[in-house]
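Here is the structure we will look at.
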Amino acid sequence: MSVRTAPAQLRRDFFARSVHDVAPALIGCTLLVNGVGGPIVEVEAYDPTDPASHAFRGPTPRNRAMFGSAGHAYVYRSYGIHWCLNLVCDAAGHASAVLVRALQPTHGREEMVKRRSTSQQRLLCSGPGRLCQALAITGAYDGLALDAPPFELLPRAEPVEVATSRRIGLTKAVDREWRYTAAGSRFVSRTR
DNA sequence: CAGTGGATGCTCT
DNA sequence: GAGCATCCACTGT
């Protein structure tokens with residue numbers, strides 16, 4: 001007889017479905033990197049039909065992880081300065097991903113304050129570049145599996161109300177409402 | 001608060 | 001050589 005326990009982590013098959021299902025389902029899930037992080041409050045979806053996606057024009061050295069299997073990280077450098085973290089979705093070849101834009105800093109706050117050089121809770125992890133700096137995510141994490149250290153992804157503890165809106169900072173496909181936020185959270189990167 | 005411009009490096013044409 | 005899935009400092013109300 002087996003004892004059923006709540007899953008400790010999101011399994012790899014959580015990501016092996018449409019990015020449009022995965023993205024809203026990630027709101028409220030806790031993301032930790034080496035024990036530092038908190039509940040995700042803002043993400044954006046990028047799918048294969050999306051001109052704004054890095055994978056839209058096919059595989060390249062940079063976007064290689066997006067064409068790999070679901071449940072892995074895709075990390076790229078933004079504007080030559082910042083790192084951005086994506087979670088790869090769908091089966092191999094579909095090349096879709098969720099950009100993690102903000103989370104509520106609950107775990108390892110002192111570490112984040114040190115890395116970010118600010119003690120303002122609101123500015124620790126609100127924005128993809130800030131979040132990666134606070135969690136010390138770099139290009140070295142590109143392609144790593146999300147269900148093994150240093151990553152830890154925990155399911156929602158409670159139900160969350162998810163709001164949709166237009167994505168931030170794009171020049172292409174700006175009308176697609178593929179940004180998902182925890183309704184009312186003050187840790188999202190913008191209200192728009 | 002809103003708006004602007006600079007930093008900075010890599011990717012792809 | 002252009003264009004970024006960004007952030008910060010600085011300006012002016």
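Throughout, a chain's letter reflects where its sequence line sits, starting with A, and its residues are numbered from 1.
Partners of D175(A) according to the salt bridge (Lys or Arg N to Asp or Glu O under 4.0 Å) rule, which considers only residues two or more places apart in sequence or in another chain, are R166(A). In this view, Y76(A) and H54(A), Y74(A) satisfy the ring-ring contact (aromatic ring centres under 6.0 Å, His included) rule, not counting sequence neighbours. Scored by the side-chain contact (heavy atoms from CB on, under 4.5 Å) test, K114(A) finds E111(A) as partners (sequence neighbours excluded). Considering only residues two or more places apart in sequence or on other chains, R12(A) meets the side-chain hydrogen bond (donor to acceptor under 3.5 Å, both in side chains) condition with D147(A). Residues forming a side-chain contact (heavy atoms from CB on, under 4.5 Å) with R109(A) (at least two apart in sequence, or on another chain): Q121(A).
Residues from residues 104-114 of chain A that place a heavy atom under 4.0 Å from any atom of DNA chain B: there are none.
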Requested in this report: Would you give a per-nucleotide map of nucleotides 8-13 of chain C, 5' to 3', where B means the base has a protein non-hydrogen atom under 4.0 Å away, S means only the sugar-phosphate does, and - means neither?
Outcome: S-----

Report task. Using a 4.0 Å heavy-atom cut-off, write out nucleotides 8-13 of chain B from 5' to 3' as B (base contacted by protein), S (sugar-phosphate only) or - (no contact). Result -> BB-SSS

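Applying the side chain to side chain donor-acceptor pair (under 3.5 Å) definition to pairs two or more places apart or across chains, those involving residues 21-44 of chain A are E42(A)-R101(A), E42(A)-R179(A), E42(A)-S189(A), E44(A)-Y46(A).
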Query - Strand DNA chain C as a dot-bracket string - pairs counted if Watson-Crick or G-U with both distances under 3.5 Å, | where the partner lies in another strand - result: ||||.|||||||.

What nitrogen or oxygen pairs link the protein and nucleotides 3-5 of chain B at under 3.5 Å?
none

Which pairs would a plain distance check flag for residues 127-146 of chain A, meaning a side-chain donor or acceptor within less than 3.5 Å of a matching protein atom at least two apart in sequence or in another chain?
{"residue": "R130(A)", "atom": "NH1", "partner": "S126(A)", "partner atom": "O", "Å": "2.8"}
{"residue": "Q133(A)", "atom": "OE1", "partner": "R116(A)", "partner atom": "NH1", "Å": "2.7"}
{"residue": "Q133(A)", "atom": "NE2", "partner": "R115(A)", "partner atom": "O", "Å": "3.3"}
{"residue": "T138(A)", "atom": "OG1", "partner": "A140(A)", "partner atom": "N", "Å": "3.2"}
{"residue": "D142(A)", "atom": "OD1", "partner": "V75(A)", "partner atom": "N", "Å": "3.0"}

